[in-house]
Protein chains: 2
Amino acid sequence: MPSTRERIVEQADVLFYERGYEATSLADIAAPLRLSRGNFYYHFKTKDEILDAVIDLRLSRTAAMLTAWEAEGDTPLARITCFIRILIRNRAKIMSWGCPVGTLVSELSKLDHIAQARAAELFTLFIDWLAVQFRSAGVERDAKALATHLMGRSQGVAALAQAFGDEALIEAEVAQMTDWVAQQIAAQSADYS
Amino acid sequence: MPSTRERIVEQADVLFYERGYEATSLADIAAPLRLSRGNFYYHFKTKDEILDAVIDLRLSRTAAMLTAWEAEGDTPLARITCFIRILIRNRAKIMSWGCPVGTLVSELSKLDHIAQARAAELFTLFIDWLAVQFRSAGVERDAKALATHLMGRSQGVAALAQAFGDEALIEAEVAQMTDWVAQQIAAQSADYS
DNA sequence: GTCTATAGACGGATAGAC
DNA sequence: GTCTATCCGTCTATAGAC
């Protein structure tokens with residue numbers, strides 16, 4: 001049984017993703033939970049506070065997901081493939097609302113919102129994790145650059161998928177990204193032989 | 001001497017980019033132009049009408065830019081490089097507000113706005129033009145796929161640049177994209193030899 | 001009786017539309 | 001210039017638990 005606060009954050013998380021932060025009113029969040037606005041302000045003083053809580057939620061969920069991928073794949077390539085395949089797994093949502101991270105960061109940037117930096121930490125979580133995987137695959141020097149590149153590639157796919165609602169585009173790019181990662185790791189192994 | 005209507009569209013174009021469509025009020029557009037609301041409604045009845053006009057403006061400007069690039073570069077590679085280098089040329093704006101096309105399409109998607117499809121045509125303009133360049137470089141079969149891929153790559157760079165405000169990231173990715181295009185074209189030439 | 005949780009009304013501001 | 005709608009945020013009231 002989740003607390004009222006948790007239900008608010010959960011609902012806000014969904015609506016901030018699907019409609020955007022600014023376009024979501026506190027009434028929009030409260031209504032489906034059957035909460036009065038008065039009750040609402042008992043738990044959160046401002047809309048920005050909810051945003052902070054939503055970012056906290058996403059950060060912790062992302063960290064947990066990355067930890068799960070550590071156990072799920074037994075090679076660096078397998079683990080990085082877990083990352084790439086979220087584009088496939090979440091393709092329906094991505095075609096409708098884009099990447100939850102990228103679209104939030106973009107909106108907060110335009111609003112000059114202080115929380116933009118913390119939202120960008122979601123990117124950092126992914127990139128740092130990917131860099132660890134590349135390093136454990138033997139790529140020492142360029143691990144961070146490769147990780148950043150891969151993050152960017154997935155952002156690009158999400159942007160075009162949202163624009164055109166094209167599922168085949170996602171699949172084609174995912175295949176290319178997977179090949180690219182395999183090549184980077186193989187090239188590294190070749191250096192040692 | 002631009003007409004009042006043109007000045008409205010021009011101002012809206014800037015503000016829709018820097019602040020976003022929804023976050024820009026009609027007053028925000030009218031104020032710097034010192035227009036009365038009455039005068040404003042003489043030119044545009046609704047906010048959506050202004051959005052349509054802004055998209056029209058961007059479509060025509062994009063088409064003109066693409067035509068200019070045709071003359072500017074004397075090889076397909078040089079012309080495609082013109083495209084890639086807008087990331088460098090507009091890097092300051094991109095770090096602040098992202099890609100004008102990608103962020104608009106993303107916002108309109110979340111708002112379920114009818115104009116989303118027309119905004120996405122801006123992507124189509126670029127992709128079709130890039131495909132023409134790839135084809136004129138001898139890449140027949142995959143021209144559209146390569147063009148789409150390149151468009152996606154640039155979107156990814158813009159997204160991360162906006163998130164981190166990292167100029168070096170842009171330069172590194174631009175260099176990689178340029179190399180990638182050169183390789184694609186070289187690989188095609190090799191097929192004929 | 002106090003603390004927690006919920007409810008509802010009100011105010012000030014702003015937006016879009018006419 | 002006005003009208004209506006909406007939104008954020010505050011204030012007061014209430015109901016129950018301990």
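Every chain is numbered from 1, with letters handed out A, B, ... down the list of sequences. Only a predicted model underlies this, so the values are computations on that prediction, with no experimental measurement involved.
- From the 5' end on, the contacts that DNA chain C makes with chain A at under 4.0 Å to a non-hydrogen atom open and close at C:dT4 to C:dG8.
- Here the side chain of A:Arg89 pairs no donor or acceptor atom with the backbone of A:Ile86 at under 3.5 angstrom.
- In this view, A:Ser25 and A:Asp28 satisfy the side chain to side chain donor-acceptor pair (under 3.5 Å) rule, not counting sequence neighbours.
- Pairs engaging residues 37-56 of chain A under the ring-ring contact (aromatic ring centres under 6.0 Å, His included) rule: none recorded [sequence neighbours left out].
- The environment of NZ in A:Lys144 is sparse: at most 12 heavy-atom neighbours from other residues, nucleotides or ligands sit within 6.0 Å.
- In this structure A:Glu171 satisfies the side chain to side chain donor-acceptor pair (under 3.5 Å) test with no other residue, sequence neighbours excluded.
- In this entry the distance linking CZ of A:Phe40 with P of D:dT10 reads 13 Å, nearest Å.
- A heavy atom closer than 4.0 Å to some atom of DNA chain C occurs in A:Arg34, these being the qualifying members of residues 11-34 of chain A.
- Of the two residues contacting DNA chain D, namely A:Lys47 and B:Tyr41, the nearest-nucleotide position lying further toward the 5' end is that of B:Tyr41.
- Sorted by first and then second residue, the ring-ring contact (aromatic ring centres under 6.0 Å, His included) pairs with a member in residues 132-162 of chain B read B:His149-B:Trp180; sequence neighbours excluded.
- In this structure, B:Lys47 forms a cation-pi arrangement with B:Tyr21, its terminal cationic atom sitting closer than 6.0 Å to the ring centre and no more than 45° off the ring axis.
- A salt bridge is absent between B:Asp112 and A:Arg19: the closest approach of a Lys/Arg side-chain nitrogen to an acidic carboxylate oxygen does not fall below 4.0 angstrom.
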